[in-house]
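Here the structure comes first, spelled out in structure tokens, and everything after it is commentary.
We name chains A, B, ... by the order of the sequence lines, and we start the count at 1 in each one.
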Amino acid sequence: MQQRPAAATRQSTIERKDLHRLFEVLRARGYTVMGPVARDGAIVWDELSTPDELPAGWTDEQEAGRYRLVRSDGPALFDWTVGPASPKASLHPAAVTLLNARREGPALRLLECVPQPTRLAFFGLRACELAAIAVQDRVLLGGTPTDPVYRARREGALLIAVQCGRAGRTCFCASMGTGPEVRSGHDLVLTELLEDGRHLFVAEAASERGGEILAELPATDTTAAESGAVQAAVARATAGMGRTLETEGLPALLARNPEHPHWDVTAARCLACGNCTSVCPTCFCVTTEDFTDLAAGLSRRVRRWDSCFSVDFTYIHGGNVRSSSRSRYRQWLTHKLGSWHEQFGSSGCVGCGRCITWCPAGIDITEEARALRQDQRGKEGSRGNA
Amino acid sequence: MAAPRKPRLAVIKFASCDGCQLSILDCEDELLAVAGAVEIANFPEASRAVLRGPYDLTLVEGSITTPHDAERIHAVRRDSKVLVSIGACATAGGIQALRNFAEVGSWVPLVYPTPDWIQTLKTSTPISHHVKVDYELQGCPVNKHQLLEVVLAFISGRRPFLPSHAVCMDCKRRGVVCLTVARGEACLGPVTRTGCGALCPSYGRGCFGCFGPLRGSANTGSLSAVLQGHGHSHEELMRLFRTFTCGAEAFRKASELHEHDASESHERP
Ligand code: SF4
Ligand code: SF4
Ligand code: SF4
């Protein structure tokens, strides 16, 4: 086998058995490797020490409000689509201490809580997850002020994607223009191939760092057949999207329909549980909580994920602005698919399908948008005919 | 200059298991600091010295189940500046509110050798059904951190911070994989107020609803439909809603609907 340093734009092929080298190279560069594991009946993100911890032989079945991890009987490591967790939990953590304060005599001393830079290498990011990170970049780093917690974690992050060769029943990244092909935002992209008894990863670097890492791995030139197989895998995933969403004119349509009767239909099902916002890789809202430790004379301010579905999310003097789940669901959907464009210059949805699968009530954002659009069309149609 | 008078704390018990009061004693390190910041005027679990009211802060544990207690709670209220009911019994009637679904008179002779001596009400009701309550602290038992928070907030003259979102959000914050979605298990998390930090789901057991229904938005009808879709029977769901907070309005109604539907399906051939 002839080894050569990989050029930044060329594809090279790595054998499954050499994947551990990637982990070694990453660790040597000071990265903590985060990747997918099968745990408690789902694919979740966790810290990995070897590729043997990857979910070999696992696949998933997803539907609105239903997820099952099932055996696939093959050696494939990436034969699944996204699970409930996303890199959001590492880049924009669910709980962070912002401030400690100590009483010293009559004075209050603020103890610094400077966000510690981390070096996380995410291995196994899907195209929709890269798109979600790009959305969070715009939200948390795109304006002023920026979020120092996110910045400290994001700047040190290395993004290694693995393209999907199969789409799930709740996936619709093709509709959102975010996948399944990995196009931007990554350092390195891999595609898993199982061909003629061989287990390969076709790799391509997209950044200087990615190129340097790839150059340290035992690799061969990717053959035309292997390149073709990569394209076929992506095409297979594109063709297999379980859901679609028509995005044309959607923000305007949503803005025109705050009193659409369909909001009541959804409100009757919505549990206001906040699972959708929590699993959504782009949702970023937080709340702060203060704690007093009387014994230690210490106060602590903690930032936590919040949700527009929590009853006190809109609490202001005198009451809550959105007291009904109808108004909360409407806020979530119209922000995600509508006003996000105006605010951050893109849709807030990357089509990962998490909110559909992990909504206990199986409320489906694509079906909701369709219902709002179709009734609307009916109305316009009948007006036109009259 | 004289030190400002320490606020006087009372902990008063009605029908309950004492578990919530014990959560106070369970505060360990912080307990000493609390004891330094307040005057413990009446707390029989902790101290034999019982001082008469009035009290600045009264924590009330337990539900009202006897005619005598229905009187006594009014005296406690009169003696208390701020009254906080703590635990599922004091805020929802507790597990003993199961009597609300039955004829308690028919049980008394089965349990007590001299039924004539037993004076009991037909129902077990929360403190708020009898007197004005300033704060309610849910849970079976209460979360000791929340309990400390209430006492500390009182001492420092601020509003206690008691989150009101669903248990589900704590599952997601902790990275617990949803039991209902991934395994079809019955869980009350989506309609239950947080407080425990998703304790049961993190051990692989569906939420029992100890902290009671989500304020204002417990959509039990939708959850029932979801859980039936996962194959849970009316009987199972009736029992699910009918445990420690069965007396809370939303859960009571849900359990009664399932009871009704369960008996209908039994009657059908
Ligand atoms: S849409 Fe679904 S996940 Fe979101 S709050 Fe409503 S019931 Fe919960
Ligand atoms: S709205 Fe739903 S499908 Fe869109 S990015 Fe968020 S979780 Fe994924
Ligand atoms: S396990 Fe229960 S509490 Fe946790 S997310 Fe699922 S339904 Fe909600």
Side-chain angles (χ1 to χ4, degrees), chain A residues 39-46 60 62-69 83-85 89 93-95 267-275 277-279 287-297 299 304-307 309-313 315 320 323-325 328 357-363, chain B residues 27-37 145 148-149 151-153 155-156 158 161-185 187 189-194 201-202 204 214-223 225-227 229-230:
Chain A
R39 170 168 61 71
D40 298 336
I43 302 291
V44 297
W45 283 87
D46 210 339
D60 55 23
Q62 305 198 29
E63 247 317 327
R66 190 177 188 280
Y67 179 103
R68 291 293 182 275
L69 192 62
R269 297 171 63 202
C270 179
L271 301 157
C273 60
N275 273 303
T277 58
S278 302
V279 294
T287 184
T288 52
E289 300 174 6
D290 288 341
F291 298 93
T292 332
D293 183 338
L294 203 58
S299 283
R304 277 188 214 283
W305 286 352
D306 201 356
S307 167
F309 284 95
S310 348
V311 57
D312 286 331
F313 184 75
Y315 182 84
N320 297 310
S323 53
S324 66
S325 27
R328 288 183 235 159
T357 300
W358 297 96
C359 169
I363 295 174
Chain B
C27 292
E28 296 171 0
D29 292 353
E30 295 226 294
L31 186 63
L32 291 174
V34 171
H145 300 288
L148 263 175
E149 167 62 14
V151 175
L152 293 177
I155 294 171
S156 29
R158 61 174 170 84
F161 177 79
L162 303 171
S164 54
H165 56 76
V167 173
C168 296
M169 274 178 57
D170 285 316
C171 269
K172 291 296 177 285
R173 286 168 175 174
R174 298 178 60 158
V176 173
V177 174
C178 179
L179 302 168
T180 299
V181 171
R183 298 199 223 151
E185 282 182 28
C187 179
V191 294
T192 300
R193 181 179 181 160
T194 187
S202 74
L214 216 50
R215 173 155 52 86
S217 51
N219 192 346
T220 52
S222 174
L223 182 64
V226 166
L227 296 179
H230 286 288

remark   = Interface check, chain A: of B:K172, B:E30, B:R173, most non-hydrogen pairs under 4.5 Å belong to B:R173

remark   = Applying a strict 4.5 Å limit to non-hydrogen atoms, the region of A:D306 in contact with chain B is both

message = Within the structure provided, determine whether B:R183 and A:L69 are in side-chain contact (heavy-atom separation under 4.5 Å).
response = no

remark   = Cut-off 4.5 Å, heavy atoms of chain A, and the answer for B:L32 is neither

request  = Determine, for B:R215 against A:D312, whether the closest basic-nitrogen to carboxylate-oxygen distance falls under 4.0 angstrom.
outcome  = yes

key: Between CG on residue B:L223 and CZ on residue A:R269, distance to nearest 0.5 Å   = 13.0 Å

task = Provide the closest heavy-atom pair for A:A361 versus B:V226 in the form atom of the first, atom of the second, distance.
result = CA-CG2, 3.6 Å

inquiry  = Counting only non-hydrogen atoms closer than 4.5 Å, does B:L152 touch chain A with its backbone (N, CA, C, O), its side chain (CB onward), both, or neither?
reply    = side chain

Donor on one side chain, acceptor on other, B:T180 and A:R66, under 3.5 Å = no

task = Starting at OG of B:S222, measure out to CD1 of A:I363 and round the result to the nearest 0.5 Å.
result = 6.5 Å

message = Whether the side chain of A:R68 engages the backbone of B:V181 through a donor-acceptor N/O pair (distance < 3.5 Å, no angle test) should be reported.
response = yes

remark   = Bottom line for B:R174: the part with an atom under 4.5 Å from chain A's heavy atoms is neither

task = Show your reasoning for whether side chain to side chain contact (heavy atoms under 4.5 Å, CB included) applies to B:V177 and A:V44.
result = CA-CA 8 Å; B:V177 174; A:V44 297; 3.8 Å; yes

Proximal component of A:R39, with respect to chain B [non-hydrogen, under 4.5 Å] = both

query = Taking C-beta and beyond as the side chain, do B:M169 and A:S310 meet within less than 4.5 Å on heavy atoms?
reply = yes

message = Tell me which one of B:C178, B:P190, B:C171 satisfies side-chain contact (heavy atoms from CB on, under 4.5 Å) with A:C273.
response = B:P190

query = What part of B:H145 lies closer than 4.5 angstrom to a heavy atom of chain A: side chain, backbone, both or neither?
reply = neither

message = For B:A218, which atoms come within 4.5 Å of any heavy atom of chain A: side chain, backbone, both, or neither?
response = neither

Side-chain heavy-atom pair B:L214, A:V311 within 4.5 angstrom cut-off = no

note = Whatever's closer than 4.5 Å to a heavy atom in chain A on B:V167 counts as neither

note = With chain B, the option among A:A267, A:G83, A:G297, A:A268 that has the most non-hydrogen atom pairs under 4.5 Å is A:A268

inquiry  = Let's test your reading of the structure: which of A:P84, A:A42, A:P360, A:G41 forms the most heavy-atom pairs below 4.5 Å with chain B?
reply    = A:P360

